[in-house]
Each structure stands twice: as C-alpha cells, then as structure tokens.
Student: 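Questions regarding the structure given below will be posed in turn.
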Amino acid sequence: MSVSRRDFIKRSAALTAASYVGMNLPISNVNVAKAVDVDTWVRGTCRLCGVGCRLEMGVKDGRPVALRGVPEARTNYGYLCMKGMLFYKLMRHPERLKKPLYREKKDQPFREISWDAALDLAAKGFAESVKKYGHDSVAYYGSGQCLTEESYLFQKVMRGGLQTNNVEGNPRLCMASAVGGYLTSFGADEPIGGYANVERSYCMFIIGSNMAEAHPVFYRRVMRRKLDNPDKVKIINADPRISPTSRIADMHLQFRPGTDMALMNAMAYVIIDENLYDEKFLRDYATFRVGKESKEVDMEAYKASLDEYTPEKAARLCGGNITAEDIRTAARWFATSQGTLSMWCMGINQRKQGVWANNLIHNLHILTGQLCKPGADSLSLTGQPNACGGVREGGGLCHILPGHRLVKKGKLRNQVEDAWGIPRGRIPPKPGYHTMAMFQAVNDKKIRAIWINCTSPAQSLPNVKPYREGMKSDDVFMVCTDIFPTKTTECANLILPAAFHFEKTGVYGCTERRSQITPKAVDAPGDAMPEVWIVREWALKLAKELNDPVIAQCVAPFVGKEPDYELPEAIWDEYTQKLTKHRDNDLRGATYDVLKSMADGVQWPAPTKEFALTGGTVMKFVRGSDPMADSEAKDDKPYQFYGPAHPDKKLWIWLRPYVGAAEEPDGEYPLYLSTGRIIDHWHTTSMTGRVPELLRANPYSFVEINPKDAKKMGVRPGDMVEIESRRGKVEMPAKVVEGPMEGMVFAYWHDMHEDRMINKVCNDAYDPGSKEPEFKICSCRVRRISGPKALTPYITQLNG
Amino acid sequence: MKTLLLFLILLVVGFCLSACNCANFCAKESVIKSTQQPVMADHPELTEQEQLLPCFECHKDVTPDIYDEWYNSSHGIGSVKCYQCHGTYEDLTKVPAMDRCGACHAAALDHSEQATPCWNCHLSHTFTGH
C-alpha cells in the first residue's frame, strides 16, 4: 500500500504514450488461437464455490495446463470466474504435500515416513484412544469440499466401525441454518427449485449475500436477467453493507445488522395488511406454527404476532436508509411479481438466530404462493462445492445419516445398519458433538484423536485462538489429510498427502440438488493418494488394532478395487442404490455412467436411469416435474410436499419474533463487525494464495469503514487500524468506503497471517437449533495505529 | 501542470485506441497465428509492493476512459477483472490472447470466423454487441 498513485502516474507518463502506441499492433501479432494447445480436455466440475460450474481441464503431457467452461452446462453456460479459470495452477505447485509426514510431539519438525507406517500410526492413534477413553473420544471433521464418496466412507467407518457419531464438517459453519430452515419450513432439506428460475423471475430478493463475489458465475445470470430486462425485473438487495451485488439493485435496504428479522416480519405485515397473500395456496398447502413444540395456530394468531412490525416501527428498528415506504414497496414487489426468487447465504445463516431468519424468508414465499411455479423459489446459496451432496446428503454431520436420515430415529439407524451388513445397534443413538462442541471437547481433553480432512479449522473457526491452542496440545492425536500445509497442519501429528480434484474420481452435489462427476485426469504428485484409498486402508488396520471385524466389514465391499475409479464408483453405487432408495434425495438413476454422459449432471430426485438422463427434477414437489410428487402423493393437488420432517405434508409458516445478535455494540465495543469473502480467494487461501494472480489481486485482508466513522476515528484510506473484540484483536489496512453502514465495519476473512486473522475477533456463539456460529455479527472497537504500511502476503509453510 | 500532463496522456491514449481498433478491423483478413509477447518491458517498472495493487488502482487515473468503460460493462458489473484477460506481471499483455476469452466464451469462439478477434465486434472494455 506504499505506492503513491500520483508518483506512479508521473513515472509512467512517458511510457504510457509509448505503451498505447504499442497497442496499435498489426493484427498479425494477435494470438487468435481459440484454445490452449492441449492433448485432451477432461470434463468435470469446479473445485471451488457451491455454484457447481462445469468446466474442462486441458491436459498436456500429463500435466494440467488450462481450464475452460462447458457452454452447454445449465449451471454456468460456459462462464467461469477467475478462481475457476486458474485453479489448475496450484496442482503442480512446489509446496504440494507429496509424502506422509509424522512427528510424535507437536513441537518437533515433521519427518517423511512411508504410507504403511503412516496408516499404522493413524490406526494405533485412534485405537489407543478408543481403548483408553471410549468410542466418543475419537472424531472426524470433514469438509464441504470432499467428494461425496469420501464423506460417505469416512462417516461409515466412524459410525459403523468406531461406533461414534462424532462426525462433523465445516458445512456446520456455513449451511446448518439453511438445513434447519428448510426442514422446519418445508419439511425437507434443500431447495425446491434451482438456477433455472433466474431467467423466469421478475423479482429477486437478495438478502445477506454478496453473490457478486461469493457466487460470481451464478450472479452473472442474475445480472444478465436484470440488464436484459431493466424495467420488467426488480432486484431488492437487503444487506447492512453496500457490496458489488448492490450495483444491479433497484432498491437497497440497508438495515442494522440482525434487524433483517424485523424487516421480513414487516414485509409479511404489509402483505397481509394489503391482502397480497395467496389465500388458496395457504388453504391448500400451509399451516401456522409456533414454539418448540411446533404448536399449530391459526392465521389470526400469526397476524397478531406481526402487530409489532408495522413498517414504521420496523424502519425505526432497522435504522440505516430504510423508510416505511421502502418496506411497503419491497413487500408489494415481492408479492405481486409473476415469479419471485429469494437468494441468501452467510448473512442469514451465520447467525445466532440463523434458522429463524431462514424461516422468515420462507414465510414470505409461503404467504404469497411464490413457490413451485416458474421464477419463484426460496433458494439458499451454498458456499462450498459439496456441502449439499457430500455432507447434507451423505451423512457428514453428527446428527444425520446418509439419505437425510436422523441419527436419533432407531428405524432409520437400522435401515443404514442393514444396508451396511453390520449388526443392528452398532450406530449409537445419540448424535455426536457438533462442530463448536467438538473443538471444545478437544480443549477439554474429551476427544483424544481427531481426523481433519480437507479443511482448516485452526483458521476458520470463530474465536479461533482457544480452539487452536487445544488442537496444538499433545493430549490430542491429530491426523490431517490435505494438499498443502495450512494453519491446521501446524497442529497435526500426522499429515497425509491427498490427491486433488481431477487427480481422483468422484461426485460433487451443488446448491440446486445437482450431482456432477469429476473424473481423474492427471496423476497426483509424489505419493499423494485419494482419500477413499486412505480410509479403506486405515480401516483395515484399525480392525486389526481393535480386533473388531465389523470395522473391516465397513470397507469389505471395496477391498481390492483400484483407487482411481473402481473404488469411488463402488462407494457411490452403495450409497446411491442402498441408501438413497425411496429417500427424498433418491439418486439411484445417477450412476457414474449416467453422470459421465451428462454435460451438467443430474438433479435429484432421480429414481431411475431413464429419468436421470433427462437431467432429473427441476422443480421438487411439483407433479409432472418431480416423479416423487406422484409416487408419494396423498391427494390430487398439483403440489405434494412429501418431505420427511412434516407429518401433515404441509408447509409451515412460523411465528418468529425479531431477536438481536448474541453480542450487540455497547459503550466499550461500539461498532458492529461483520466479515465475508472476497472474489479472488477461497476460504483460507491455502489454495488461492498459491496462485500468483489471485494472491496479488487481494494479498491481504482489509477492513471497510464507513467514511463517517472513519472521520470520527481519524482514519484515512490505507491507514493501519486495530480491530478489537472481547476475544482478540488484529490489525489490517483500512478501506474507507460507503460499503458498511455507519456504525459497522466489515473485514475480509481469507488472510492467514497471525496479525490479520479476523476469526480471532469473531464470536463463537451459535444458533441453538442449527449450532451454526454467529460469524456475521459481533461488537468491536477500531482505532488507528499508523499510516499506511508495507505488508507482505503470508501463506504458511510446512513446519511454520 | 499535472492536470495538463494527464490531459495530454489521455489525448494520446484516445487517439491510439481508435487507431488500434481501426487497424484490427482493417487487417482481419490477414490474420495468422502468432505468439503473444508479454509487454512488461514497456509497462512502468513496479516494485514488489506496487505489484500487490489491483491494476485499476493506477489505471483509473492513467486510463480513466478505459476504466470507466470496463466498470460500466458487463465485465465490470460481473467483477471480471483486468488480469483475467490481460494476465499479470509474468504474462501481461496489452492485447489479450484469444484463448483467454475461450475460458468463458468457448462456444462463441467456435462460431466466430477463425480470423476475427473478438474485440473487432465486441469493442474492447465496453463489450457491447456487434
């Protein structure tokens, strides 16, 4: 940040003229090659966000050399963002982990060991913990970036083999509230519709999402819909911060963090007050519910609950730039458009009241009948490429089994045990530790062996410092599978080098219930191996260590299969054919052969191959679109809400009052702090930080400060500031911008430098239902510490 | 004096860009494949710290018209950044290689005339239609 732009202009003046004269090149100097020179293009799915862009990797001499979009894919129609264009560059990065690494004590340097020795150590570490401290002293913490086959096999060995439900993953940090919202409002997890609604929508309500940066290729569709239909299509952007997403908005509702719950209740108030609700839809498909017991109430009770949310009262509560008339206008647009599509992400989910905030969005859709018809949907955007497919559907959280089954239901546990051919009663009835409880249990020495796969909780947990100290303790044996050193491998005893995307085969399931395969295209570097091979071999050794044949039984169907294709295919077949059969995510038709034949995969439910080959279910619950709407029908109505969580097969409108954040600003910490993602980086930068273009584009975190607040604090653009909360403090450059509203600052979270790691400051309070932490709101104070300072980007290396 | 200097730069830039478009269009029949040359040599030398700034930090002052065109284009609204087409310091090019367009526009390239660069019709930085 030390460059003076004025100096730069002066220095470049003489050169600039020459430079642009140089642009007047004869055309023969232009490279008109339409594609990079490759031996072959291999079709798969993007490794990064939850949009699920289909792309092709160009391979030359066995090396990845390019990526390009797949034009006929209904996810992205050929478009990619910068991360999708460039991630091939990290695959041959010199810092890739290539050998198993071990150290007995965490203050020792790592040393290379053989796979055989590494798997022995992993098996002994877990077996000893089980013998000494019991089954619940071991845990698995996975990721929404693992392939479905990986998440499925890990949880199978943990539950069926090691007899613990201590199976969690980072989707708890991003999607759990959306799961809770869908289950409690619609009776079934995951969206009813999908991306195709964008092109049919006339009103889009984007709340708590900077999708222009977090889901850029899907945002492109929203942008194109608006730019092509500037008068017909209305965009409402509701967010405490003006972001790049706001550029296409007709209306920006800038509310005080957390008060969106009042805003949405006020929109519901207007919809009822002005008779904009869909009476027939409500009569046919909805009931009203309140409280922990889900007590049914009538519409009058619901109306009465909204009395506190007149537009005038809500506008005052929301603060910012919102007027009562804005709320009325937004409600009218929402209710009366030919098709209204809501989209949200972490701003709604990462909240103490995340499930309730999700319910309030769904309420608006149920009230107005803006569901199940073209252009209408309540669409939760997913952060990671396989949070839906692998973790939500594949049983990757402590309370759920594969196929959207709850652990606590004995009948459903038995179905899984029978499918696996293991004794009934083997899967414990009690859900395991959820994420925050799991790392607290590490701190409390209740967990003595933990396997972290493809994620970096030592950077990504909120209030990360105390949890990192727990992970660094020699009281817990920690195994990490990853492709690069991370802040979490710094806490490990054993690091196992994993094959990366396109170095192995498997399936990702994206935001819109769409499963897509990515086949192996190139060899992994060094001795890196696919995780499915690692788990299988580990389980076989574990069975010997614990003298427990049931552990071996968990991987018996997969023994002897080669790891690049046969093994993941056998796992996928077991999961889909045995465990999604007659479940709402029925994937039996989506075999590897079918998935390979599709440009863009299959949307479930897809019970048969014939149906899967059409692309699957575009709109769930709608007869004529969803085969299960017929097979599960209870009457002759066109929509059948057959989800497993609602016995009455209805949609539920919830009475949910506005409740503030767990920590609100006060005299000591007077500002709101919120955090988020930047377009050039993925999560903790362990990958994107190793691609020079992406690193340089945003080499370190900065904090956005409203100009009015900056003036009060005496902060000028580029100044270094300290951000401090009750939990910790960091320092980073300030960007003075009309982004966050007055009284709020916003920091990017990707930076892994100790001084700038904003998760040290964030709050680890979590939603009582979803257990998802409130990353998005806490209180802080900010002070200027110096003028602009030259900073160095930081990516951790092995041995720190 | 600084304002005057900036004005002169813009004048030269504007003239040269017009010439560039004309030359591209007039010569499209004679296109042959060639290797794109990085242009770092005639970009002002940057320190390591300066290389950590996004291109637009300087270019919105040095080439404000281009910045405005990009910012208001579908690329600008959709956050398609300079380096995605022009590369970065190892492979910076003033005129992007067309295979870079192909990362997102492979189908359009397949349907276009072999010899015609994209920007003959989709004008540089505004990316308006034909």
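To find a chain, count down the sequence lines: A is the first, B the second, and so on, and within it residues start at 1. Note that the coordinates shown come from a computational prediction; the quantities given were computed from them, not determined experimentally.
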Student: How many angstroms lie between atom CE of M82(A) and atom SG of C85(B), to the nearest 0.5 angstrom?
Tutor: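 Reported value, rounded in 0.5 Å steps: 10.0 Å.
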Student: Decide side-chain contact (heavy atoms from CB on, under 4.5 Å) for Y89(B) and R696(A); before the verdict, give the C-alpha distance in whole Å, the side-chain angles of both, and the deciding distance to 0.1 Å.
Tutor: CA-CA 10 Å; Y89(B) 300 100; R696(A) 283 191 187 126; 3.5 Å; yes
Student: Is C53(A) close to chain B through its backbone or its side chain, or both, or neither, when contacts mean heavy atoms under 4.5 Å?
Tutor: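 Contact with chain B is absent: no heavy atom of C53(A) under 4.5 Å.
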Student: Under a 4.5 Å heavy-atom cut-off, does chain B meet the side chain of L695(A), its backbone, both or neither?
Tutor: neither
Student: CD/Q49(B) to NZ/K789(A) distance, rounded to the nearest 0.5 angstrom?
Tutor: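 With rounding to 0.5 Å, CD (Q49(B)) is 11.0 Å from NZ (K789(A)).
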Student: Let's test your reading of the structure: which of D680(A), T792(A), V70(A) forms the most heavy-atom pairs below 4.5 Å with chain B?
Tutor: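 The residue among D680(A), T792(A), V70(A) with the greatest pair count is D680(A).
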Student: Is the count of non-hydrogen atoms from other residues, nucleotides or ligands lying under 6.0 Å from R63(A) atom CZ greater than 12?
Tutor: no
Student: Look up atom OH in Y83(B) and atom CE in M85(A), then write down how far apart they are to the nearest 0.5 Å.
Tutor: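 Nearest 0.5 Å value for the OH-CE distance: 9.0 Å.
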Student: If you measure from CE on M211(A) to OG on S79(B), what distance do you get to the nearest 0.5 Å?
Tutor: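 Spacing of CE (M211(A)) from OG (S79(B)) equals 11.5 Å.
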Student: Among residues 218-227 of chain A, which residues come closer than 4.5 Å to chain B, judged by heavy atom distances?
Tutor: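 Within residues 218-227 of chain A, near chain B: Y219(A), M223(A), R224(A), L227(A).
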Student: Might you point out which heavy atoms bring P793(A) and L52(B) nearest each other, and give the distance in Å?
Tutor: CD-CD1, 3.8 Å
Student: Out of curiosity, T88(B) OG1 to E693(A) CD, how far, rounded to the nearest 0.5 Å?
Tutor: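 That separation rounds to 6.0 Å.
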Student: Given heavy-atom pairs under 4.5 angstrom as the criterion, report whether the side chain, backbone, both or neither of L55(A) touches chain B.
Tutor: neither
Student: Nearest heavy-atom pair of K81(B) and N698(A): which atoms, and what distance?
Tutor: NZ-ND2, 3.7 Å
